[in-house]
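Notes for the one structure printed next.
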Protein chains: 2
Amino acid sequence: MYFNIDPRKNTPLYEQIIHQVKEMCAKGILLPNEKLPSVRELSSQMVINPNTVSKAYQELERQGVIVTIRGRGTFISEEFHQTYDPRLVEKLKQSLKQMIIDSHYAGISKEELTEWIEKVYEEMGGNSDEN
Amino acid sequence: MYFNIDPRKNTPLYEQIIHQVKEMCAKGILLPNEKLPSVRELSSQMVINPNTVSKAYQELERQGVIVTIRGRGTFISEEFHQTYDPRLVEKLKQSLKQMIIDSHYAGISKEELTEWIEKVYEEMGGNSDEN
DNA sequence: TCAAGTGTATTATTATGTATAGTACACTTG
DNA sequence: CAAGTGTACTATACATAATAATACACTTGA
């Protein structure tokens with residue numbers, strides 16, 4: 001279980017945890033029903049506050065990525081859980097648009113961007129419904 | 001000059017202004033040497049603090065998108081200004097990866113995502129160096 | 001010349017989100 | 001029953017965002 005968080009980044013620690021868990025699930029590094037480190041264990045590993053880890057886990061459970069069982073621990077959900085939220089979709093569209101524009105200003109061509117996307121999907125493999 | 005900002009969004013107001021200006025430039029809605037609303041004018045239009053607009057303009061100038069002239073006003077830069085910053089590129093890659101994963105969890109297929117991207121580039125037209 | 005309109009700088013204040021600290025509770029396992 | 005789970009709660013510290021109120025330097029045009 002290799003988490004890599006950076007307090008210097010502008011993105012909050014709890015969001016970094018959320019992102020990494022979802023990424024590892026999407027890539028098949030974390031498998032369904034697999035146990036995650038406990039709140040206290042992960043917090044001491046990362047040298048951050050347990051409350052921060054707890055906040056991340058609670059949001060991950062809200063999104064259906066993980067399942068927590070009192071007294072036992074937290075586990076990756078048995079099945080991949082998609083959420084069709086129109087507002088979320090709209091947010092994603094906006095983020096994508098902004099990212100393309102920023103890339104444009106950074107001198108990144110459409111072709112380069114497309115390559116990046118291909119690589120990400122390759123890393124995710126065919127894991128469309130295996131977690 | 002139609003700006004559309006939303007105080008309820010989690011993204012800061014000054015960032016929303018930055019995004020919109022860059023988007024309008026990329027789409028050719030704002031043209032080189034075109035004058036932007038003054039700090040006081042835009043702030044009263046948006047019913048926000050002049051300092052917030054000023055902050056956005058200063059960042060836009062730092063990025064080379066606009067040029068400000070004391071006593072005259074702020075204008076869109078004469079030439080399109082790309083900045084090759086390796087750190088920025090890395091940030092964009094990370095953002096893209098995260099956005100793809102979030103899209104995956106939102107039930108958006110690779111094909112849909114590709115369509116979105118195509119649309120954004122269509123809206124930007126062939127404006128690779130016309131601002 | 002001078003009033004009005006530019007961007008800019010400064011200081012203070014408020015609100016919000018993030019993270020930490022410490023404690024306590026309910027539950028499960030061995 | 002002890003140890004390990006997640007959870008809840010209050011308090012505190014800190015950084016950022018936004019506002020408020022002034023003041024300054026500059027340009028333009030009447």
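In what follows, every chain begins at residue 1, and chains take the letters A, B, ... in the order their sequences are listed.
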Partners of B:S54 by side-chain hydrogen bond (donor to acceptor under 3.5 Å, both in side chains), sequence neighbours excluded? B:Q58
Quick one: salt bridge (charged side-chain N to carboxylate O under 4.0 Å, His left out) pairs with a partner in residues 61-77 of chain A, sequence neighbours left out? A:E59-A:R62
Where at least one partner belongs to residues 93-106 of chain A, residue pairs that pass salt bridge (charged side-chain N to carboxylate O under 4.0 Å, His left out), sequence neighbours excluded: A:K97-B:E23, A:D102-B:K22
Close N or O pairs between protein and nucleotides 4-6 of chain C (under 3.5 Å):
{"residue": "C:dG5", "atom": "N2", "partner": "B:G71", "partner atom": "O", "Å": "3.3"}
{"residue": "C:dT6", "atom": "OP2", "partner": "B:S38", "partner atom": "OG", "Å": "3.4"}
{"residue": "C:dT6", "atom": "O2", "partner": "B:G71", "partner atom": "N", "Å": "3.3"}

For B:I69, the rest of its hydrophobic cluster, which grows through side-chain links under 4.5 angstrom: B:V67, B:F75
Checking B:D85 now: which residues fulfil side-chain hydrogen bond (donor to acceptor under 3.5 Å, both in side chains) with it, not counting sequence neighbours? none
How would you list, by chain and number, every residue that makes a salt bridge (Lys or Arg N to Asp or Glu O under 4.0 Å) with B:E118, sequence neighbours excluded? A:K110
Could you list the residues that satisfy side chain to side chain contact (heavy atoms under 4.5 Å, CB included) with A:E115, not counting sequence neighbours? none
N/O contacts under 3.5 Å, protein versus nucleotides 12-19 of chain D?
{"residue": "D:dA17", "atom": "OP1", "partner": "B:Y14", "partner atom": "OH", "Å": "2.8"}
{"residue": "D:dA17", "atom": "OP2", "partner": "B:K55", "partner atom": "NZ", "Å": "3.2"}
{"residue": "D:dA18", "atom": "OP1", "partner": "B:L13", "partner atom": "N", "Å": "2.4"}
{"residue": "D:dA18", "atom": "OP2", "partner": "B:L13", "partner atom": "N", "Å": "3.4"}
{"residue": "D:dT19", "atom": "OP2", "partner": "B:N49", "partner atom": "N", "Å": "2.9"}
{"residue": "D:dT19", "atom": "OP2", "partner": "B:T52", "partner atom": "OG1", "Å": "2.8"}

The correct list of stems in which DNA chain C takes part (3 or more consecutive Watson-Crick or G-U pairs, distances under 3.5 Å) is C:1-30 with D:1-30
Mind checking who shares a hydrophobic cluster with B:V47, ILVMFWY linked at side-chain heavy-atom distances under 4.5 Å? none
Which residues pass the side chain to side chain contact (heavy atoms under 4.5 Å, CB included) test with B:K9, sequence neighbours left out? B:D6, B:T11, B:Q16
